[in-house]
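Everything below concerns the one structure shown next.
Residue numbers begin at 1 in each chain, while the letters A, B, ... track the order of the sequences. As the structure is a computational prediction, the values presented were derived from the model and not from experiment. Below, each value reflects all heavy atoms present in this structure, side chains not excepted, and no hydrogens, waters or symmetry copies.
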Protein chains: 2
Amino acid sequence: MDLKSFEKQVAVSTADICREIFESRSHSIKIKKEPVAVRNLVRIFKATLKLANQKGFHAMSLRDLCAESGMSMGGLYAYFKNKEELLTLIQEQGRAIVARVLGDQLAGIDDAAQALDMAIRSHLYLSEVLQPWFFFSYMETRFFHAEEGKRAIAGELQTEAIFAGILQKGIASAGFAIPDPLLVAAAIKALLQDWYLKRWKYRRRNISVEAYGDFVISMVRAYGAGQTAKGEK
Amino acid sequence: MDLKSFEKQVAVSTADICREIFESRSHSIKIKKEPVAVRNLVRIFKATLKLANQKGFHAMSLRDLCAESGMSMGGLYAYFKNKEELLTLIQEQGRAIVARVLGDQLAGIDDAAQALDMAIRSHLYLSEVLQPWFFFSYMETRFFHAEEGKRAIAGELQTEAIFAGILQKGIASAGFAIPDPLLVAAAIKALLQDWYLKRWKYRRRNISVEAYGDFVISMVRAYGAGQTAKGEK
DNA sequence: GTCTATACAACGATAGAC
DNA sequence: GTCTATCGTTGTATAGAC
């Protein structure tokens, strides 16, 4: 598992999932030719993420989006019925890619320590490759409407639950001892999020994804070891 | 140092600083009577933070702000010349309060371990009492214009430098060993920010500020201890 | 299938009555 | 010192030409 393989996997998944979105929404998308639609969806998503991450989704006007995507007003509205649906589309696409790629990575690992490594590194690599989407998703969540907002919170709690589960398992198998798995899981999430929220900072300091991953893992390990030591006194 | 004393200190500072803002801006603020101006500034800030944190500063219309603050359009424009200046005013006020309160707390502590405790807890308590401002400041930073944006980044790096300094000192005084103080400082910041960015989560789980503070401190300590252990091998 | 032109609503900001 | 009325601009969304 390295960054390059993630890039490839995400690139393939992105096209696949745009195709799936096109098919599942063929009733509302006015374009009928698949290759055209998929190409334009990719363009729209890329342009939206760029602009929305600069000035915010709300502040990004559809005129801005026309210019950035190289499409026209009418052209855009062939893919969604209003601006909010564009947001839904982007969330749908991102979530689908994340689920697919992470599912592939985490399948069939039993050892808790190994699972912890894998989960942390996978999240980190994925958020590195899909940084614009992760950033967007984090920053815009509070503006989402009811349903989309619930989905975002559910996503946050779900990945947290994955970490908590691994830590719990780690306690059982005695590799490391952690009295408050959920709290540590929350901390792991916070550290992983910091990576894609403040990319500028880590880039400026020449810290690589790999190095940051090592750091997060050693942090969690040290905490587990410290708690063991205390407990064994 | 407990939460209650922070509340009092912040309440006093807020009024003080609104008074100072009024005085320093008496040329641009059209209101001349201090008591009226200070009362209205406090109202405007509170209303702005509430609305901006719900829907975003850009999406918050000044008509919304009229309703929330109980003032009129013309009334608002007596305190700032445009919407952007309102943002500047809020940032100025928040930064001033933070600098004053934290300055009071951290003055004259020499021991590194004690300073680490104090710095973490102070930040945490302050962000608890001033949560709306911290949240606002974090979430809106990316929309700030040149000067205000630089100030925000400088603020982030400055508090990080404080933590890094304490950790460095900790190495020197041999209390704990940390090979990468700046990285650990960044992690501390991320954990402290998570507290005010995801308040809903920690509240839902009945985790108190004190408990979270203990957790962050023990995390850093454990990491320091782990590195010492390795180094001594 | 894509573009231009336009309708209509909401915004920030100001001028002048009270 | 505060309010109401109104201006010009900019936004989303659509209808109809090509």
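Counting non-hydrogen atoms of neighbouring residues, nucleotides and ligands closer than 6.0 angstrom, the NZ atom of A:K201 exceeds 12 such neighbours.
For B:K32, the listed nucleotide lying nearest its side chain is D:dG1; candidates were C:dT2, D:dG1, C:dG12. The nucleotide whose nearest atom lies closest to any side-chain atom of A:K83 is, among D:dG1, C:dT2, D:dA13, D:dA13.
Remark: P of D:dT2 and CZ of B:R43 are 8 Å apart, rounded to the nearest angstrom. The nearest whole Å value for the distance from the CG atom in A:N82 to the P atom in D:dG11 is 17 Å. Between the CD atom of A:E84 and the P atom of D:dG11 there is a distance of 19 Å, given to the nearest Å. Straight-line distance from the OH atom of A:Y79 to the P atom of D:dA13: 18 Å, rounded to whole Å. Nucleotide D:dC7 holds its C1' atom 13 Å from the OH atom of B:Y77, rounded to whole Å. Taking atom CG on A:L86 and atom P on D:dA13, their separation rounds to 10 Å, with Å as the unit. In this structure, A:K81 atom NZ and D:dA13 atom P are separated by 9 Å, rounded to whole Å. Spacing between atom NZ of A:K30 and atom P of D:dA13 amounts to 12 Å, rounded to whole angstrom units.
B:Y212 is listed as a side-chain neighbour of B:L191, based on a closest heavy-atom distance under 4.5 Å.
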| task | Show your working on side chain to side chain contact (heavy atoms under 4.5 Å, CB included) between B:Q105 and B:F6 and close with a plain yes or no. | result | CA-CA 10 Å; B:Q105 294 288 336; B:F6 262 85; 3.8 Å; yes
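Considering only residues two or more places apart in sequence or on other chains, B:E85 meets the salt bridge (Lys or Arg N to Asp or Glu O under 4.0 Å) condition with B:R25.
Phosphate contact (OP1/OP2 of C:dT2, side-chain N/O of A:N40, threshold under 4.0 Å): present.
For the pair A:D194 and B:K189, the salt-bridge criterion is not met [side-chain N within less than 4.0 Å of a carboxylate O]. Between A:E160 and B:R205 a salt bridge is recorded (basic side-chain N to carboxylate O distance below 4.0 Å). Note on A:R151 versus A:E148: salt bridge recorded, some NZ/NE/NH1/NH2 to OD/OE distance being below 4.0 Å.
Residues of residues 55-67 of chain B that place a heavy atom closer than 4.0 Å to DNA chain C, in numerical order, are B:M60, B:S61, B:L62, B:R63.
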Please enumerate all protein N or O atoms sitting under 3.5 Å from an N or O of nucleotides 3-5 of chain D, with distances to 0.1 Å.
unit_1, atom_1, unit_2, atom_2, d
D:dC3, OP2, B:S72, N, 2.9
D:dC3, OP2, B:S72, OG, 2.6

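Cation-pi geometry between A:K83 and A:F57 is met: under 6.0 angstrom from the ring centre, within 45 degrees of the axis.
Side chains of A:W195 and A:E128: a donor-acceptor N/O pair is present below 3.5 angstrom, by distance only.
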